[in-house]
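Some notes on the structure that comes next.
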There are 2 protein chains.
Amino acid sequence: MNTTILDQTDLDILRLLQKDARLTNKELALKLHKGSSTMFERVSRLKDLGYITGSVTLIDRNKFDELWISFTQVQLNDHSGEALIAFQNEVIRFPEVLECYHTTGAFDFLLKIVVSDMAGYNKLIVEKLAKLKNVGSLQSCFVVNEAKRELAYPLKDRI
Amino acid sequence: MNTTILDQTDLDILRLLQKDARLTNKELALKLHKGSSTMFERVSRLKDLGYITGSVTLIDRNKFDELWISFTQVQLNDHSGEALIAFQNEVIRFPEVLECYHTTGAFDFLLKIVVSDMAGYNKLIVEKLAKLKNVGSLQSCFVVNEAKRELAYPLKDRI
DNA sequence: ACTGAAAATTCTCTGGC
DNA sequence: GCCAGAGAATTTTCAGT
């Protein structure tokens, strides 16, 4: 994967925007000592090249009684590539499944799941998840406290 | 937790902004059939009340060779409240630990960790994580493929 | 690649319904 | 709570280096 297209300024832009999507080009320009139309051009380029994929507003999950988070690990009975892809394609269609990672280790997938209550959790697991093909063992844990949630990936300087 | 402060329009705003932080007030107004200055007032209020906590730009992680993600579960030897809080306060200071959840189940914490290579992973686990007080067993898995990553929480309509 | 300036658009505030 | 309007600020385009 070629990443030499990005220079130091591009990386700085990505670092800053990962922390605050609403920084204006003028604010970026001030921090990076360039003109604001330069920032406009660079940010547009980063979008066009696919480095920037979108932006999201973050909300305080604790203000909503209906948001209970569970992490569920799934082990399939069939570990063939077809079975893994088939499961993946099905499970990501459930709106309760916010995140789905194919992982190394004893389990094949790690799912981040949101439910509004235990009834919703039970319904998802018993009626939807467990009914998918090849699903072997499941192991779930619920989030008691979210101590940290940093969405900005640390980017290495280009040498 | 009182959530009756929010009406349907507030929820719609939060739903839309969770999907795209860069929607203008004018665009929100069009979608929700209100004036753009009304949107400005409501969004400002949602920020002031703490419902909106920030916004982030998303980048394509696959374009960076240095971003390897691991999920690590940690079990402590001492399950007292003090020990849990002490561990939590230490572990969230590591920049490699992007997310830290206190969870139910056999393990006490689930960590989302980013490293640039196996040397970095080893260093974090052996030299930093395992040296924290009360750390018992660790169980890690690496992300092979990110099949879904939805950051917008589903919000229930107010009745 | 960057700059500066001009045009288009959005933000922010005020007054009034 | 909502809207319209207006001035300020920002985005976006573009010619020039």
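Order of the sequence lines fixes the chain letters, A, B, ..., with proteins taken first and strands second; residue numbering starts at 1 for each chain. The model shown is predicted, which means the values in this text are computed figures rather than measured ones.
The separation between B/E41 atom CD and C/dC13 atom C1' is 9 Å, rounded to whole Å. Distance CG (A/D48) to P (D/dT12): 12 Å, rounded to an integer number of Å. In this structure, A/L32 atom CG and C/dA1 atom C1' are separated by 14 Å, rounded to whole Å. As a whole-Å value, the separation of B/M39 CE from C/dT12 P is 15 Å. Between B/R45 atom CZ and C/dT12 atom C1' the separation is 18 Å, expressed in whole Å. Separating the CG atom of A/L28 from the C1' atom of D/dT10 is a distance of 12 Å, rounded to the nearest angstrom. Distance NZ (B/K26) to C1' (D/dC3): 16 Å, rounded to an integer number of Å.
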Report the C-alpha separation of A/E90 and A/K133 in whole Å, then their side-chain angles, then the decisive distance to 0.1 Å, and conclude whether the salt bridge (charged side-chain N to carboxylate O under 4.0 Å, His left out) test is met. CA-CA 9 Å; A/E90 288 297 320; A/K133 264 211 149 210; over 6 Å; no

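Below 30°, between 30° and 60°, or above 60°: for A/F87 and A/F109 the angle between ring planes is between 30° and 60°, a tilted geometry.
B/T24 comes within contact range of the sugar-phosphate backbone alone, with a heavy-atom separation under 4.0 Å but no base atom that close.
Both A/S37 and B/T9 lie close to DNA chain D; mapped to their nearest nucleotides by heavy-atom distance, the more 5′-ward contact belongs to B/T9. Remark on DNA chain C: of its neighbouring residues A/S36 and A/R22, the 5'-side contact belongs to A/S36, judged by nearest-heavy-atom nucleotide.
Listed pair B/T38 / D/dC3 meets the phosphate criterion, a side-chain N or O lying under 4.0 Å from OP1 or OP2. Side-chain N/O atoms of B/R42 include one lying less than 4.0 angstrom from OP1 or OP2 on D/dC2. Between A/N25 and the phosphate of D/dT10, there is no side-chain N or O to OP1/OP2 separation shorter than 4.0 Å.
Among the nucleotides C/dC11, D/dA4, C/dC2, the one closest to any side-chain atom of B/F40 is C/dC11.
Among B/V135, B/L132, B/T72, B/I113, the one residue that satisfies the side chain to side chain contact (heavy atoms under 4.5 Å, CB included) test with B/V91 is B/L132.
You'll find the ring centres of B/Y101 and A/F71 inside the 6.0 Å limit.
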